[in-house]
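In this chain, residues are counted from 1 in sequence order.
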Amino acid sequence: MAKKHIAVAMGGYSSEFEISLLSGGVVCESLDTSRYHVYPVHLLKEGWFYLSPEGTKHAIDKSNFSFTVNGTTIIPDAVFNTIHGTPGEDGYLQAYWELLNIPQTSTGFYQAALSFNKRDCLSVLQRFGVSCAKSYYLNKGNDIHKEEIVKIVGLPCFVKPNRAGSSFGVSKVHDMEQLLPAIEKAFEEDHEIIIETALIGVEVSVGVYTHNDEVIVLPVTEIVSENDFFDYEAKYLGKSQEITPARISEEETEIVKAEAKRIYKLLNMKGVTRSEFILQKGKPFFLEINTTPGLSKESIIPKQAKEAGMSLTEFFGILIEEAFAKN
């Protein structure tokens, strides 16, 4: 069987582009080169290009997502999407690749757009009985009524950009004086923000993916941050413990895995996702779902795959073959 041409898309236009480059690098290192021709493709604000092993940049033709190497034009058979944030996690690239009929490993464009918008995603899931924190929404330019916010969500609370990841722009607010600076910080990342009650409990992360039409839940990871919450330092600079499997009861494990699987199905997800929960008195409260979760060596999904008995080569191969199957 002829080897397939796989473009590993990485970078993006958000504050998360450096993390995405790390994720993309791990995927390129891990893919089975006996089955695939692997191409690191950087999609950055300054341009789209395939970066050759020699460091040469080959421009992407956006009309068909092709690039030319030594006189040969290559149109990828599939894309492994490792872009966190816009335009790879919010639906733009998913729609583009779908128009070009190029299979890609993440979920569909609508599901990506919905889940990337935390406010919309929470509103949909709450209709299905998914438990979430109390929340308050603000758009840039709205009047800010601090007393009203605290009356609804209480203190402490989290202030988050509505459409951002890797905890960029997120603050935990303990008193009224911290609220306005936290709101201003969040507005630096997005013109829509969400303010939520700070739930007290065990934070867990649950990976879910599809294989041969079966929705499979990965082992649960417990997150213990050295900082006040699971912020950028905790996620990427070693300021946390990520314990897989989580130190929770068997009953709690089954409950949160079942809820992650239910959410994956409710939202009609594809590819691999990672859902975050706070377990409060044994009950899972949903925080958010990531549709292009981190795949760097420090990331949670690779650790969960290893705990499930899979190498990254095997796991990433499953994701590519599922992309072909769903196309």
Side-chain angles (χ1 to χ4, degrees), residues 14-16 85 114-206 221-237 239-242 256 259-260 263 274-290 300:
S14 76
S15 301
E16 298 179 85
L114 174 64
S115 57
F116 194 70
N117 188 308
K118 296 181 181 73
R119 300 182 342 185
D120 290 356
C121 189
L122 291 170
S123 297
V124 168
L125 290 175
Q126 284 175 320
R127 295 285 183 141
F128 290 97
V130 174
S131 298
C132 309
K134 292 179 181 177
S135 56
Y136 187 99
Y137 303 155
L138 274 175
N139 294 335
K140 204 162 195 174
N142 287 162
D143 293 332
I144 299 170
H145 304 288
K146 294 190 292 184
E147 291 77 12
E148 180 183 340
I149 294 169
V150 171
K151 183 178 179 182
I152 291 172
V153 303
L155 290 171
C157 64
F158 282 103
V159 180
K160 307 175 181 179
N162 188 38
R163 296 164 296 188
S166 296
S167 298
F168 284 109
V170 177
S171 303
K172 189 173 183 180
V173 172
H174 294 272
D175 56 55
M176 194 75 82
E177 288 69 35
Q178 296 175 325
L179 187 57
L180 193 56
I183 289 171
E184 291 171 351
K185 179 181 176 181
F187 276 138
E188 291 174 6
E189 293 290 331
D190 191 10
H191 62 266
E192 299 176 354
I193 69 171
I194 181 169
I195 304 171
E196 294 180 320
T197 302
L199 297 167
I200 306 301
V202 179
E203 184 169 355
V204 294
S205 186
V206 190
T221 297
E222 176 186 352
I223 296 164
V224 183
S225 176
E226 293 177 20
N227 296 344
D228 201 17
F229 65 99
F230 195 44
D231 60 5
Y232 182 88
E233 278 193 337
K235 286 180 178 177
Y236 300 107
L237 302 180
K239 297 288 188 179
S240 69
Q241 285 181 283
E242 295 161 11
V256 76
E259 189 69 343
I263 288 168
R274 197 189 72 232
S275 294
E276 318 297 334
F277 298 89
I278 297 289
L279 276 170
Q280 187 168 271
K281 296 180 181 178
K283 181 179 180 179
F285 285 79
F286 173 77
L287 301 177
E288 64 180 6
I289 186 168
N290 302 279
I300 290 170

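Taking both residues in full, the closest heavy atoms of L199 and I278 are given as CB-CG2, 3.8 Å, listed atom of the first, atom of the second, then distance. The nearest pair of heavy atoms linking Q178 to K172 is OE1-O, 4.2 Å. Taking each heavy atom of A186 and V159 in turn, the nearest pair found is CB-CG1, 3.9 Å. Considering every non-hydrogen atom in both I149 and I144, the closest pair reads CD1-CG2, 4.1 Å. When all heavy atoms of F277 and F286 are compared, the pair lying nearest together is CD2-CA, 3.6 Å. Shown here for K140 and F187, the closest heavy-atom pair between the two residues is N-CE2, 3.3 Å.
N162 places no side-chain N or O within donor-acceptor distance of the main-chain N or O of N117, the cut-off being under 3.5 Å. The backbone N or O of V153 lies less than 3.5 Å from a partner atom in the side chain of T197, making a donor-acceptor pair. Of the possible donor and acceptor atoms, one in the side chain of S14 sits under 3.5 Å from a partner among the backbone N and O of E16.
Rounded to the nearest 0.5 Å, atoms NZ (K185) and CD1 (I193) are 12.5 Å apart. Atom CZ of F116 is separated from atom CG of N290 by 9.5 Å, given to the nearest 0.5 angstrom. The line from OH of Y136 to NE2 of H145 is 6.0 Å long, rounded to the nearest 0.5 Å. One distance of note links CD1 of I195 with NZ of K160; it measures 11.5 Å at 0.5 Å rounding. How far SG of C157 is from NZ of K134: 13.0 Å, rounded to the nearest 0.5 Å. Atoms OG1 and CD, on T221 and E276 in that order, are 9.0 Å from each other to the nearest 0.5 Å.
Contact annotation: the side chain of I183 never approaches that of K146 to less than 4.5 Å [non-hydrogen atoms, C-beta and beyond]. Within the 4.5 Å cutoff, the side chain of R163 has heavy atoms near those of the H191 side chain. At a threshold of 4.5 Å between non-hydrogen side-chain atoms, the residues I200 and Q280 count as touching. At a threshold of 4.5 Å between non-hydrogen side-chain atoms, the residues V170 and P161 count as touching.
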For a quick test of your reading: what N or O donor-acceptor pairs under 3.5 Å do the side chains of residues 120-127 make, sequence neighbours left out?
{"unit_1": "S123", "atom_1": "OG", "unit_2": "R119", "atom_2": "O", "d": "2.9"}

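For the 3.5 Å distance criterion, the side chains of E196 and S135 fail to qualify, holding no donor opposite an acceptor.
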- prompt: Should E189 and S15 be marked as a side chain to side chain donor-acceptor pair (under 3.5 Å) after you check the CA-CA gap, both sets of side-chain angles, and the distance that decides it?
  reply: CA-CA 8 Å; E189 293 290 331; S15 301; 3.2 Å; yes
